[in-house]
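Letters go in sequence order (proteins before strands), and every chain restarts at 1. Because the structure is predicted, anything quoted here is derived from the model rather than measured.
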Amino acid sequence: MPLRFYDTATREVRDFVPLEEGKVGIYLCGLTVQSEPHVGHIRSGVNFDVLQRWLRVKGYDVTFIRNTTDIDDKILAKSAEQGRPWYNLAYAMNRELQKAYDALNVAPPTYEPAATGHVPEIIELINELIARGNAYAAEDGSGDVYFDVRSWPAYGELTRQRIDDMEAATDADPRGKRDPRDFALWKGWKKETEPETAAWPSPWGPGRPGWHIECSAMAGKYLGPAFDIHGGGVDLRFPHHENEQAQSRAAGRPFASYWLHNAWITTSGEKMSKSLGNSLLVPSVLERVRAIELRFYMVAAHYRSHVEFSFEALDEAAAGFRRIEGYLDRAASVLGSVPDGGMLCAEFLEAMDDDLGTPAAVAAIHDVVREGNKLLAGGASEALRGNAASVRAMLDVLGLDPADPAYAGSGGSDDGKLSAVVDALVGGLLAERDAARAAKDYAAADAIRDRIKAAGIEIEDTPNGPRWTV
RNA sequence: GGUGGGUUGGCCGAGAGGCGAGGCAACGGACUGCAAAUCCGUGUACACGGGUUCAAAUCCCGUACCCACCUCCA
């Protein structure tokens with residue numbers, strides 16, 4: 001079966017055919033860096049990271065562009081409230097976002113362009129749209145430039161809406177618009193309320209880019225007029241993606257061939273709003289579970305399925321992951337090490353090819369783990385080596401290989417040292433316990449085990465002697 | 001008003017006409033000095049009402065409830 005994706009534009013699963021054989025260009029709308037990232041924000045990063053990894057496994061040469069929006073109304077408003085420059089807020093929040101991506105092993109994109117770095121490309125695109133009669137400078141002296149939705153008959157095609165059915169925005173400032181649904185390509189500088197640093201020179205006077213135009217300009221710059229996949233959260237379908245497509249196509253660029261949208265993580269059935277408390281911010285969640293467990297929780301659900309976030313479900317997912325991880329640990333202690341580069345099983349491959357079916361892929365891993373646990377009873381063997389390597393390889397595709405250096409503990413190199421220290425200390429106690437067990441003094445043996453357990457370390461007796469795990 | 005998505009067992013979460021995905025929890029068995037881990041086994045699940053079909057969680061019609069988007073949003 002060929003690789004296929006659910007394309008939001010056509011609402012069907014379609015075979016994936018790249019524009020150029022062997023190559024894939026992906027544009028993902030990243031975040032507006034205006035606040036700390038919560039688990040909802042990070043989901044699209046994780047989902048599209050899996051996409052990127054899978055395309056690489058399939059042998060594609062992937063160009064992956066994920067932007068950040070570093071200037072917009074909200075960033076300006078928040079920075080004013082906080083009494084600091086907008087660029088400082090955007091930069092600081094971007095650093096927090098990068099930390100969260102790193103923690104969750106979200107691989108860096110090919111490039112991460114920012115809106116403010118692409119004003120010339122944006123101006124060029126707006127000029128093209130004006131020249132073609134699809135955009136106009138407002139006549140009210142505001143310095144705004146709008147896209148003329150009535151001039152583009154295909155407007156609404158991505159989300160299958162007719163202009164006349166759309167509610168005109170109640171909160172939008174009509175200013176110099178010809179139609180209330182026209183959207184800003186360029187926003188004239190508001191001298192009284194906006195800092196001078198938030199304005200760039202343009203043919204229409206000082207101002208800044210509108211929200212949608214940056215993505216069209218940057219996708220064009222790095223991926224060309226036509227590219228393969230455009231991604232983002234479902235909420236971006238309209239207006240953001242609709243507008244991106246309209247302005248790009250109106251400028252003569254075919255734009256994206258496939259649209260992929262990830263669903264939400266909600267809490268209490270509601271969208272995770274940016275005004276929520278901080279309990280769901282990534283660093284806060286990571287105080288409860290390890291980053292690899294949080295990632296497993298996200299990957300175990302399909303990217304198009306709505307996930308109702310709960311700490312109970314998160315803990316369950318973590319327990320499920322530890323089962324896989326425990327197997328790899330035991331296999332490694334029997335084999336010496338588990339090699340990388342193992343085979344992906346057929347069920348896993350088929351699942352991933354089918355619109356990134358990560359739930360079925362995870363189920364396939366569990367099946368292989370069960371076989372591996374049986375093999376483990378027979379001690380070291382080539383079958384066990386192959387099985388464990390396979391599990392590792394499949395986890396790696398999902399960004400979940402426990403041996404990935406990305407997950408090498410927050411304490412860095414201290415982890416290894418600490419482990420050696422604990423091993424030495426626990427080792428002494430285990431020797432005492434073994435002596436007691438040999439003498440059939442089980443009360444004494446259990447007392448030692450209880451003492452170790454009280455310190456947070458579990459003891460398991462295996463055919464190769466006792467093992468400890470934290 | 002317009003456009004989409006959803007409702008699956010104690011819980012999470014797949015599937016999209018025909019063998020009960022998988023995990024967590026629970027229970028029984030094996031193993032163990034006892035545990036833990038592991039393996040084996042155990043489940044009247046598909047919001048409700050009709051319909052189509054040899055066969056429906058899956059398709060059709062209707063109903064209820066929930067959610068998202070309609071120019072700030074992952």
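- For the pair Arg370(A) and G23(B), the criterion of a side-chain N or O lying under 4.0 Å from OP1 or OP2 is met.
- For the P atom pair drawn from A35(B) and A26(B), the interatomic distance equals 15 Å after rounding to whole Å.
- For the pair Phe348(A) CZ and A14(B) C1', the computed distance is 15 Å after rounding to whole Å.
- Residue Arg11(A) places at least one side-chain N or O closer than 4.0 Å to OP1 or OP2 of G4(B).
- Note that CD of Gln245(A) is 9.5 Å distant from OG of Ser216(A), once rounded to the nearest 0.5 Å.
- In this structure, Asp72(A) and Val307(A) both approach RNA chain B, and ranking their closest nucleotides by distance from the 5' end singles out Val307(A).
- The six-membered or imidazole ring of Phe183(A) lies away from that of Tyr146(A), with a centre-to-centre distance of 6.0 Å or more.
- Proximity of Arg323(A) to the phosphate of U38(B): a side-chain N or O atom is located under 4.0 Å from OP1 or OP2.
- Of the side-chain N and O atoms in Thr159(A), none sit less than 4.0 angstrom from OP1 or OP2 of G4(B).
- In summary, the side chains of Thr159(A) and Gln161(A) do present a donor paired with an acceptor at a separation below 3.5 Å, with no hydrogens or angles considered.
- Of the two residues near RNA chain B, Phe238(A) and Cys29(A), the one whose nearest nucleotide lies more 5' is Phe238(A).
- Glu316(A) has its CD atom 7 Å from the C1' atom of A25(B), to the nearest Å.
- Look at CZ on Phe321(A): it is 15 Å from C1' on C24(B), rounded to the nearest Å.
- Taking the ring centroids of His230(A) and Trp259(A), they lie under the 6.0 Å cut-off.
- Between Lys374(A) and C40(B) there is a side-chain polar atom (N or O) within less than 4.0 angstrom of OP1 or OP2.
- The interatomic distance linking Tyr442(A) (OH) with U32(B) (C1') rounds to 10 Å, in whole Å.
- Taking atom NE2 of His306(A) as the reference point, atom P of C12(B) lies 11 Å away to the nearest angstrom.
- Pair assignment for G4(B) gives C67(B), based on Watson-Crick or G-U wobble hydrogen-bonding distances that are each under 3.5 Å.
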